[in-house]
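The structure under discussion appears below in the form of structure tokens.
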Amino acid sequence: MTPETYLSVLNSQQREAVTHEGSPLLILAGAGSGKTRVITTKIAWLIAERGVESESILAVTFTNKAAREMAERARRLEPRSERSVLRTFHSFGAWFLRRNAALAGLDSNFTIYDDDDATTLLGKALPALTRQQVSAIVHRISRAKDYCYGPDDPLLAEIDSNPDFADAYRLYEKRLRETGNVDFGDLILLPVRVMNEHHEVRDRLRSRFSVVMVDEYQDSNVAQFELLRAITGPETYLCVVGDDDQSIYRFRGAEVRNILTFADTFPGTTVIRLEQNYRSKEPILDIASQVVAKNEGRLGKTLVAVRGTGRKPVLVFPGSQDDETAFCAELISNARKQGVPWQDWAILYRTNAQSLGFETEFLHRKIPYKVVGSLKFYEREEIKDALAFLSLVLNGRDEVAFHRIANKPARGLGEVSRNRIIDEYRRDVFDPDSVSTELGFDEHPDIISVAARLLETFSKKARSGLAEFIHVIETMRAMLDKEAGSAADTNAQPAANAGNPAGAERSTAKKPKKGAVGLAVFVDKLIDASGLVAYHRGQDEVAGTQRVANMQELVNAASLYPLSREGLVEFLEHIELDRSMAEDDENPDSVTLITVHNTKGLEFPRVIITGLESGIFPRDDKSGDDLEEERRLMYVGCTRAMDELYLTSCSVRRLYGRTEFMEPSRFLYEIDRDSIEVLGNIPRTFGIGGATSSRGAISSAGKMPEDPLAAQWKPGRKLFHDDYGYGIISKAFTAGDELVIMVQFENGGEKRFLPKYQAHNLLLVEQD
DNA sequence: TCACAGTGACTTTTT
DNA sequence: GTCACTGTGA
């Protein structure tokens, strides 16, 4: 495509953003304003028109999906952009650290610990604490890293002022360094540290990348900002794109201030606003804007709906969450009969747990669906086992991995035996007083060799088990090294993209040559030789088969990588950084079930935002900045819709196994009543203001037959509730079509109930 | 070392 | 209501 062609489809602000040069640039891009198009066009334009070398362009995003999409679209516009570096922040950090491992105190084979591994590691060092307590500490450590606070930073008190926390953090860092591995925070933090301490490394990077672009800049955290500052020299052209109204990751350290103060931080910044929305019909944009306008801390912008007017968003109050799922299913099925494909629909919810009801209902009604994001494939036990094995093959310092799999399947190496080996290894390697340092200092410390030395000290059963385990690890290591040595051709693309750093996406992963299926051969052998396949198959008839199939899936995934040490490193890194499974060849025509967070960057012709209830969305007692973030989340959800938007809010919901009375979300009150069409029953609390109830064809979900037993629930009647004890009905009335009672309990509390749904909890006490 | 039952937390959101 | 972790007993 020629620059004339792709520039001609842009509006004037977009074109201005693409062709801007000579100063830092901040693009404030509203929802649906074509921001990805601007970035990719800018990449193409810089290469084609300005003679910028494609490999000196760096563009970072937050999600792998976004990185992939950007790479794909840029390549379509300008094939040479294949050599540009388009990655996520974390993947860029890993890329940097592989090349500068020694400076960061890492093993170049490092693997990336997820929260689970990190918790295990710290838990070992703090045996007095429960796993849950440790997990909370790990969580705060990760927050500290988001803000670039080390254990000794005085500002660490902002996260947790308890000195024990700083100690735990220090201990964690020590142990993590000893394993030679990193956590997610390190992928950002360590490159910053290396570049600040070694200016020659920093300057090399600065001369490598003359153009740096950041997408979704509103979601960057302090550490990422520091990274950006480190790689951006006076000569670098810096361009960031973002929308302060779509900042929804504060909870994990995102700093909206980064975007709000960008122009101050980088003097001479040009600001360009993209305010033409190409996605949503006007009435949808209207309510989205009304809600987000209630926020105070925002730059403010006015989106114009280019696509013109359309149907008003529809608000429905189902009686219960079962009615909610039924309503959605019916709405979608009916539309299907009119020729609307399944894939036009997305069901949005605040928390992953809410997907379950929809899945059940859709299965029942044979509506094809896919759940996005919650695929916990890599968190499954059998997968983590296999990955731990692979990590240990690469890195003999990985105590967490050793501990996890040394006795899986059972080899007579219980908790005590495994800890003994680890303790001995630690004494050997990390205790300065130890004299038994037989391994030269340059040699890699290795739990396996320590285990081999201790072999004789174990009882018979443990001895043979351990010997077998060591044998498997050594066989696998030998296989890896042999392949790496002899088959230099398999290894032609020296993995980790040393030659071509563009490989953020799985689509560029090269198929290994000839009949071999690359690393898959290795992984396949490993899961078998390790006994993991037999172990999991034997555990449970049904689940076992599934687990073996999952491991097989892992084997398949490995076939995209060369059989070599580097190939394995790359494979593990890819898995840690991109846990979204490849969208299998599932039916593309299916309804999308997705959390609101996960929808960022996506769009659907028809969207249903569910669970708009106080306590769910927004989550309980949110206030101040947290509430503003929830409001932005609502804004993000609404602006995903192109043509039709539906909102549902249940009166009753089962929560924690308990049936709760729900109030409509406060966001619903922030929408003008004229801007929205209410279908079906309106709860009394919401009915004030005289909205008219229009009963459309789809309101069937809200209609209830008269309860023949209503007569029982009379004021004065005594009853017993499992949780609250004895009480007396103080009031009984009807709201909508529902019978509602108030109960005064003996313990002093007064509660509202819907007998229709809660009768099983409310035992009427027989009257004499 | 393993199986079982009792307990308590859990529902944010993700790289 | 469900899951994961803990402690007990065999």
Side-chain angles (χ1 to χ4, degrees), chain A residues 60-67 87-94 112-116 118-120 123 129-136 139 142-143 145-146 182-189 216 219-221 223-224 246-254 348-357 372-376 378-379 381 407-418 459 461-462 465 504 539 573-580 594-600 611 613 615-622 626 629-630 632-634 636-637 653-660 760-761:
Chain A
V60 282
T61 64
F62 283 85
T63 66
N64 293 289
K65 208 191 308 163
R87 287 181 169 251
T88 65
F89 262 108
H90 290 88
S91 147
F92 174 77
I112 301 159
Y113 273 180
D114 62 15
D115 290 353
D116 197 54
T119 306
T120 307
L129 303 183
T130 66
R131 191 177 168 84
Q132 201 184 339
Q133 291 170 309
V134 176
S135 165
H139 189 251
S142 128
R143 194 76 331 101
K145 289 188 174 185
D146 287 341
V182 298
D183 60 21
F184 281 116
D186 287 340
L187 291 176
I188 311 297
L189 203 55
E216 306 281 13
D219 286 329
S220 60
N221 61 33
Q224 286 156 340
Q246 292 187 68
S247 167
I248 54 175
Y249 286 109
R250 202 178 105 89
F251 69 92
R252 66 169 209 220
L348 276 51
Y349 35 78
R350 179 66 179 78
T351 66
N352 272 312
Q354 287 164 259
S355 75
L356 201 64
V372 175
S374 79
L375 286 159
K376 305 237 162 106
Y378 293 109
E379 281 165 36
E381 185 187 347
N407 197 39
K408 224 171 192 185
R411 295 185 177 89
L413 296 167
E415 184 72 19
V416 180
S417 309
R418 280 173 289 157
S459 67
K461 190 170 151 212
Q539 288 286 298
E573 174 176 317
H574 184 262
I575 283 173
E576 283 302 330
L577 292 182
D578 184 2
R579 302 196 143 205
S580 63
I594 189 168
T595 63
V596 188
H597 279 91
N598 263 325
T599 61
K600 201 158 64 153
E613 296 134 37
I616 301 275
F617 194 2
R619 273 203 74 71
D620 41 18
D621 311 341
K622 292 265 172 154
D626 284 339
E629 173 138 322
E630 294 274 317
R632 292 192 290 267
L633 198 52
M634 177 71 179
V636 168
R653 182 175 289 276
R654 280 189 307 277
L655 232 50
Y656 311 97
R658 178 141 303 137
T659 308
E660 301 274 347
H760 53 285
N761 283 333

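Lettering of chains follows the sequences in order, A, B, ..., and the numbering in each one begins at 1.
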Check: Which heavy atom in A:V596 sits nearest to a heavy atom in A:F617, and how many Å separate them?
Finding: CG2-CE2, 4.0 Å

Next item on the list: Grab the two heavy atoms, one from A:G123 and one from A:V134, that are nearest each other, plus how far apart they are.
Entry: N-CG1, 3.7 Å

Item checked: Same-atom distance (C1') from B:dT12 to C:dC5, integer angstrom -> 22 Å

Notebook entry, point to check: Which part of the nucleic acid, if any, lies within contact of A:G412, taking any heavy atom under 4.0 Å across all strands shown: a base, the sugar-phosphate backbone alone, or nothing?
Noted result: sugar-phosphate

Notebook entry, point to check: Reckon A:Y249 touches a base, only the sugar-phosphate, or nothing at all at heavy-atom distances under 4.0 Å?
Noted result: sugar-phosphate

Without decimals, in angstroms, what is the distance between [X] [atom1] and [N] [atom2]?
X	N	atom1	atom2	result
A:N598	B:dT15	CG	C1'	12 Å
A:E629	B:dT14	CD	C1'	12 Å
A:R143	B:dT15	CZ	C1'	11 Å
A:L348	B:dT13	CG	C1'	13 Å
A:R252	B:dT13	CZ	C1'	8 Å
A:H139	B:dT11	NE2	P	11 Å
A:E630	B:dT12	CD	C1'	8 Å
A:L413	B:dT1	CG	P	8 Å

Notebook entry, point to check: Between B:dT15, B:dT1, B:dT13, which nucleotide has the shortest distance from any of its atoms to the side chain of A:N407?
Noted result: B:dT1

Checklist line | Given B:dT15, B:dT14, B:dT13, the nucleotide with the shortest approach to the side chain of A:F184 | finding: B:dT15

Side-chain N or O of [X] less than 4.0 angstrom from OP1 or OP2 on [N]?
X	N	value
A:N352	B:dT12	no
A:R619	B:dT12	yes
A:T599	B:dT13	no

Check: Starting at the 5' end of DNA chain B, which residue's closest nucleotide do you reach first, A:R418 or A:L633?
Finding: A:R418

Check: Under 5.5 Å between ring centres and under 30° between planes: true for A:F251 and the base of B:dT13?
Finding: yes

Notebook entry, point to check: How many angstroms lie between atom CD1 of A:I248 and atom CE of A:M634, to the nearest 0.5 angstrom?
Noted result: 13.5 Å

Notebook entry, point to check: In Å, rounded to the nearest 0.5 Å, how long is the span from CZ of A:F92 to CG of A:L577?
Noted result: 13.5 Å

Notebook entry, point to check: Under 30°, 30 to 60°, or over 60°: which ring-plane class applies to A:H90 and A:F184, parallel, tilted or perpendicular?
Noted result: perpendicular

